[in-house]
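See below for the structure under consideration.
Values in this document were obtained by computation on a predicted structure and should not be read as measured data.
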Amino acid sequence: MRRTRLKHIGVTAVLLLAGLGGAGTFPASASGSEASATASAASTTSTASATSAASTTDTASVSAGLLGAMQKEFGLSAEEAKARLAAERTATALEPKARGTAGAAYAGSWYDAEAGRLTVAVTPDASRTTRAALSEAGAAVRLVEHSARQLDAVRGRVDKLAAPSAVAGWHVDPQANSVVVSVVRGKLADNDVQRFLTRARAAGPVTVETVAGAPGTFAAGTVGGDPYYTGNVRCSIGFSVHGGFVTAGHCGQAGAGVRGWDGSYIGNFQGSSFPDNDYAWVNVGSGWWTVPVVLGWGTVSDRLVRGSAEAPVGASICRSGSTTHWHCGTVLGKNQTVNYAQGAVHQMTKTSVCAEGGDSGGSFISGDQAQGVTSGGWGNCSSGGETWFQPVNEILNRYGLTLHTY
């Protein structure tokens with residue numbers, strides 16, 4: 001947020017600053033509305049360790065806009081939307097405890113929207129006492145063959161293979177209890193794909209799915225009304241941290257200057273990593289400062305950021321970005337390797353949320369908990385698509401940053 005414009009800035013503007021999100025690398029340009037400007041300038045900070053989900057506001061404080069968005073996205077009534085948000089908060093708080101309780105027998109977990117609770121997968125090594133403790137805590141328990149540690153090792157071996165462009169990526173799927181390799185539809189019979197799959201299957205339990213398209217970054221040229229730009233590339237702010245904001249690494253290299261919507265200097269990329277990772281952080285100064293909000297773009301009320309407790313697979317999640325604004329969906333998978341043309345990016349989270357060029361770097365948020373910054377994806381917000389984000393806690397830990405929270 002820029003001080004000289006403070007008299008024009010309301011809560012919405014503040015949120016804009018911290019709440020841009022999108023799938024893939026979505027840079028675009030910045031110059032435009034005062035609200036956009038505010039959003040660029042202000043992204044919030046949060047600690048490198050996730051804040052407890054207990055800080056999340058209760059359902060009584062949920063905005064009508066957010067309930068309306070969930071009703072539209074998931075076909076729920078207002079009461080059903082409130083109940084789902086409450087159940088997801090419970091599942092988010094339970095997941096790390098369940099991991100600790102299951103120990104080496106832990107095989108992953110996910111939120112079951114139909115049952116309204118967390119499902120925890122464990123191997124037969126889990127004792128009856130362990131399974132009983134998980135059940136008493138409120139989780140459904142499923143017995144599977146492979147532990148999370150075993151599946152992560154398989155994914156690590158697949159990471160070392162050279163993948164053809166028709167292979168979109170791969171990830172550990174706790175529900176399938178295997179590593180799932182995603183292949184672009186119509187390319188499954190290609191010789192190079194088959195060779196890759198043969199080598200991947202030799203690494204351990206692997207299943208194959210087809211997807212509509214290959215992932216890509218979403219860079220865009222400079223256009224009006226966007227939160228920040230570097231060179232001729234526009235991106236969206238992810239979340240404010242003390243001293244700056246986090247965003248996507250593909251948006252700029254370390255040292256690159258960043259300007260706001262009005263062309264004024266904001267700061268510089270202090271650190272950036274892409275590919276392998278897709279994260280960066282920018283320092284903020286010269287009359288700009290940070291605020292703990294994510295812009296709702298008029299679709300929902302602007303969202304305050306209260307922490308960074310990680311939502312489980314299956315939970316609802318929303319994205320804010322400078323191009324396509326506010327869209328919601330669900331968390332589809334974690335620890336996914338995404339095979340971009342520029343190189344593979346690891347430990348990504350996959351969602352059913354759409355995004356387009358210019359949304360890169362923007363916010364993914366679940367309730368009032370920061371989740372990550374938009375990296376890449378396929379499709380668009382007219383016909384649909386999927387998006388990956390870089391988890392925010394990894395970024396905070398990498399650079400020793402503290403999330404700006406309310």
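- Proximity of a side-chain donor or acceptor of Arg303 to a complementary backbone N or O of Gly296 within less than 3.5 Å is not detected.
- Taking a cutoff of 4.0 Å between a charged side-chain nitrogen and a carboxylate oxygen, Glu310 and Arg99 do not qualify as a salt bridge.
- Interatomic distance, CD of Glu145 versus OG of Ser178, reported as 10.5 Å (0.5 Å rounding).
- The two atoms that bring Val211 and Ala168 nearest to each other are CG2-CB, 4.0 Å, heavy atoms only.
- At distances below 3.5 Å, at least one donor-acceptor pair connects side-chain atoms of Ser366 with backbone N or O atoms of Ser316.
- The one candidate from Val183, Asp159, Val208 that meets the side-chain contact (heavy atoms from CB on, under 4.5 Å) condition with Trp170 is Asp159.
- Heavy atoms only, all atoms of each residue included: Ala212 and Val184 are closest at O-CG1, 4.4 Å.
- The 12-atom threshold is exceeded at CD of Gln194, counting heavy atoms of other residues, nucleotides or ligands nearer than 6.0 Å.
- One finds a salt bridge joining Arg84 and Glu88 here, because a Lys/Arg side-chain nitrogen approaches an Asp/Glu carboxylate oxygen to under 4.0 Å.
- Between the Gln369 side chain and the Val305 main chain, no donor and acceptor come within less than 3.5 Å of each other.
- The two residues Thr290 and Gly244 come nearest to each other via the heavy atoms CG2-O, 3.2 Å.
- At distances below 3.5 Å, at least one donor-acceptor pair connects side-chain atoms of Thr101 with backbone N or O atoms of Lys97.
- Note that the NE2 atom of His327 and the NZ atom of Lys72 stand 8.0 Å from one another [nearest 0.5 Å].
- Side-chain contact between Phe239 and Val294 is present, with heavy atoms from C-beta onward closer than 4.5 Å.
- Side-chain N or O atoms of Asn380 include one that pairs as donor or acceptor with a backbone N or O of Ser382 at under 3.5 Å.
- Of the possible donor and acceptor atoms, none in the side chain of Asp278 sits under 3.5 Å from a partner among the backbone N and O of Phe274.
- Listed for the Thr349 side chain is no donor-acceptor partner under 3.5 Å among the backbone atoms of Lys334.
- Side-chain atoms of Asn177 come within 3.5 Å of backbone N or O of His146 as a donor-acceptor pair.
- Annotation: side chain of Cys381 is in contact with side chain of Arg319 (closest heavy-atom distance under 4.5 Å).
- Heavy atoms from other residues, nucleotides or ligands lying under 6.0 Å from OH of Tyr406 number 12 at most.
- A donor-acceptor pair under 3.5 Å links the side-chain atoms of Gln371 to the main chain of Ala309, judged by distance alone.
- Between the side chain of Asp359 and the main chain of Glu356, a donor-acceptor pair closer than 3.5 Å is present.
- In this structure, OH in Tyr340 is found 4.0 Å from CE in Met348, a value given to the nearest 0.5 Å.
- At a threshold of 4.5 Å between non-hydrogen side-chain atoms, the residues Leu295 and Trp326 do not count as touching.
- Between Trp281 and Tyr399, the two ring planes are tilted [angle within 30° to 60°].
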